[in-house]
Amino acid sequence: MKLVRSELLKIRTTNTWWIFALIMLPLWALTLGINWLQTDALAAGNTEGVPPEQIDQVRALMDQDALAANLYTNGQLFGLLIVMLLGVVVVTSEFFHQTVTTTFLTAPHRTAVMAAKLVAAAALGLVFWLLFTLLNIPAGAAILGSVDVGPQLGSGAVWRAIALNGLAYLLWAILGVGLGVLIRSQIGATVTGILLYLGGTIGAITVLSLLANRFGEWINKLQLLVPSLASSLMVSGVEIPGNPPRWAGAAVLIGYAAVAGAIGVLTIRRRDIS
Amino acid sequence: MSDGQWSPSTGQIVVSGLTKEYKNVRAVDNLSFTVEPGRVTGFLGPNGAGKTTTLRMLLNLVTPTSGTATIGGRRYADLTDPLRHVGAVLEASSAHKGRTGINHLRVICAAAGLPKQRADEALALVGLTPAAKRKFKGYSLGMKQRLGIAAAMLGDPRVLILDEPANGLDPEGIRWMRGFLKGLAHEGRTILVSSHLLSEMQLLADDVVIIAAGQLVRQGPVEQVIGSMAQGQRVRVRTPNAEELTTALKAQSATVAVDEHGVLQVDGVDAPTVGRTALAAGVELHELTTERPDLERVFLELTAGKAGIR
């Protein structure tokens, strides 16, 4: 507990967290705009021009709960990236500023230090989730009102999506800590994180859809194994026909976070600090 | 102190058979020495001798290939609340550049379970209170060293370990550090300081541990280590009658050399003997000085040919 308090104090006494929050604001506004347009289109209920094999999926997205869930979890694409990078910085800044020596002198039990870092990063992820959820609820309700849909805040499915979104923020912060241990260089880890998150996602979709054309539709289900796609699946609000179930997305992400955290702890325990 | 078994007499550092092998090098090679409480011990060696690696193994930052290093009978990793027993200053630049000095110390206090006001007290101890709320990137090198010492003093430790603390300090800062460390040793604490500033070490240290190429070269009180050198004393003599005096001294079985300024360098006899010999020979003397070997000369002779490039 002492160590967690120390880690949180480390975060609070530097500028990184609010600079990241400031970077996040315009990105949040951008995705809100895009989601507004999408909500507007979907709420009109127009299925013209939609290929027949996708009609079920589109209808599912037109569900009022799905519309609301999408708006209340707005900003996830960049939000997860930002909290992952914060997780990275929690570790790499110690190597960058050589404070890791002091940290391990103060607490020679490195497993406890890493556990404290994982908890602190997860807490920071939840703070970001809370911040953007508090922004999303009034903004989302206003957009729903503009297309004559109620705020849907009485719906269990919507709240489930919001909660699962919080879980996603928490897990991505942990993934970041693991990545930070594996790649100690601040710049190296940040760049790798961004490339894996954005490039890896697009790359995986492309490769999987090519493979799906060759070997059949079932391969598309492997999308679930791509961490960022797994997390967007978690917050869809409703089951979308043809997609894997939402709990599977959560399970995959928890698996990745556990592996990243475990690798991080085991690596740092054995490493010489010089 | 939270730990009742701890007493000043156990503030002894014992390094025993310590070895660290990297891929192709033995950075530290079967090194053994002890450091006593109540004294300042200088840890000396050429660059690359393995000083920093040894200190880091002592502090559980680097895992030894074999051997042990204990402080007060226990490994660093086994100390409960290590900061209350051992303070260490390893790198001058080890604080987040965007964090203020006081916050740097508060972060450490939080992790060590020390009260927050210890941060203010430690800053005052090293005279940094006016810079408490300045960010670390605005600190001079000397201020960074002082902040490092403040961090090491947070838990009021019995043992203090410093790696090259005089680096980047101005003469005033070095004098301050000397007084500070001597004062702490006087209180019965164990002070281990690595350095390559030999003239400073001669002023500061009571004992020295000299290593080269990862191995122990000499250990003991400074005077004893200097006195152990075979060379012993040398006498400088200036005289207008150099030839006469040289002949007279050689009769006393002294060896005499003349340097480029015409000054005689006399080995084998002491200054009173030289004076008496001169008087008996009726030779006029302008200077008669005993040259004691200093730590620097001893160090260079002991470590000659064992430089760090391996």
Side-chain angles (χ1 to χ4, degrees), chain A residues 1-20 22 86 88-120 123-124 180 184 186-187 266-274, chain B residues 20 22 27 52-53 55-65 75-84 86-114 116 119 135-137 144 147-148 151-152 154-155 157 161 163:
Chain A
M1 208 50 224
K2 292 187 295 194
L3 293 176
V4 174
R5 274 190 33 235
S6 176
E7 289 300 329
L8 290 173
L9 190 59
K10 280 180 193 170
I11 295 168
R12 276 195 291 127
T13 52
T14 50
N15 298 333
T16 318
W17 71 274
W18 61 260
I19 289 174
F20 275 37
L22 277 187
L86 278 168
V88 165
V89 169
V90 162
V91 179
T92 55
S93 80
E94 294 252 16
F95 289 100
F96 186 74
H97 297 286
Q98 297 185 322
T99 49
V100 67
T101 298
T102 308
T103 299
F104 286 149
L105 284 177
T106 311
H109 300 287
R110 298 185 184 179
T111 309
V113 172
M114 284 310 294
K117 283 194 182 299
L118 291 170
V119 171
L124 189 63
R184 267 172 297 175
Q186 184 120 301
I187 293 176
L266 292 177
T267 312
I268 210 95
R269 273 169 61 103
R270 295 151 47 99
R271 186 177 285 157
D272 283 347
I273 306 296
S274 49
Chain B
K20 179 67 183 181
Y22 291 108
T52 298
T53 306
L55 295 183
R56 285 182 173 269
M57 286 193 281
L58 181 58
L59 295 165
N60 190 46
L61 294 167
V62 169
T63 314
T65 308
R75 295 188 315 138
Y76 190 85
D78 298 333
L79 295 172
T80 41
D81 296 330
L83 286 203
R84 291 176 190 267
V86 183
V89 186
L90 294 186
E91 291 128 354
S93 57
S94 60
H96 193 293
K97 287 175 189 56
R99 198 176 280 141
T100 61
I102 187 76
N103 277 334
H104 173 66
L105 298 182
R106 284 184 184 153
V107 163
I108 302 171
C109 281
L114 294 164
K116 213 165 93 175
K135 287 189 174 170
F136 187 69
K137 62 183 160 206
K144 289 176 181 175
L147 185 66
L154 282 172
I161 294 168
D163 195 7

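Reminder, nothing fancy here: chain letters follow the sequence lines and each chain counts from 1. The shown structure was predicted, so the numbers you read here are calculated from the model rather than taken from an experiment. What's counted below: heavy atoms across the whole structure, side chains too, no hydrogens, waters or symmetry copies.
Note that the CG atom of B:Leu61 and the CZ atom of A:Arg110 stand 6.5 Å from one another [nearest 0.5 Å]. Put simply, CG on A:Leu9 and CZ on B:Arg99 are 7.5 Å apart, with the number rounded to the nearest 0.5 Å. With rounding to the nearest 0.5 angstrom, the CZ atom of B:Phe136 is 10.0 Å from the OG1 atom of A:Thr99. The NZ atom of A:Lys10 lies 10.0 Å from the NE2 atom of B:His104; values are rounded to the nearest 0.5 Å. How far CD1 of A:Ile273 is from OG1 of B:Thr63: 9.0 Å, rounded to the nearest 0.5 Å.
Under a cut-off of 6.0 angstrom, the local environment of CG in A:Leu22 is crowded, with over 12 non-hydrogen atoms contributed by other residues, nucleotides or ligands.
Both the backbone and the side chain of B:Ala112 come within contact range of chain A, with heavy atoms under 4.5 Å apart. Residue B:Lys20 touches chain A through its side chain alone, counting heavy-atom pairs closer than 4.5 Å. Proximity to chain B (any heavy atom under 4.5 Å) is shown, for A:Thr101, by both the backbone and the side chain.
Between B:Arg106 and A:Thr13 the shortest side-chain heavy-atom distance does not fall below 4.5 Å.
Here the closest heavy-atom approach between residue B:Ala88 and residue A:Leu105 is recorded as CB-CD1, 3.8 Å. Across B:Ser94 and A:Thr102, no two heavy atoms sit closer than the pair OG-OG1, 3.9 Å.
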Determine, step by step, whether A:Phe104 and B:Leu59 satisfy the side-chain contact (heavy atoms from CB on, under 4.5 Å) criterion, reporting the C-alpha distance in whole Å, the side-chain angles of both residues, the deciding distance to 0.1 Å, and the verdict.
CA-CA 9 Å; A:Phe104 286 149; B:Leu59 295 165; over 6 Å; no
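Across A:Val100, A:Thr14, A:Asn15, the residue that shares the most heavy-atom pairs under 4.5 angstrom with chain B is A:Thr14.
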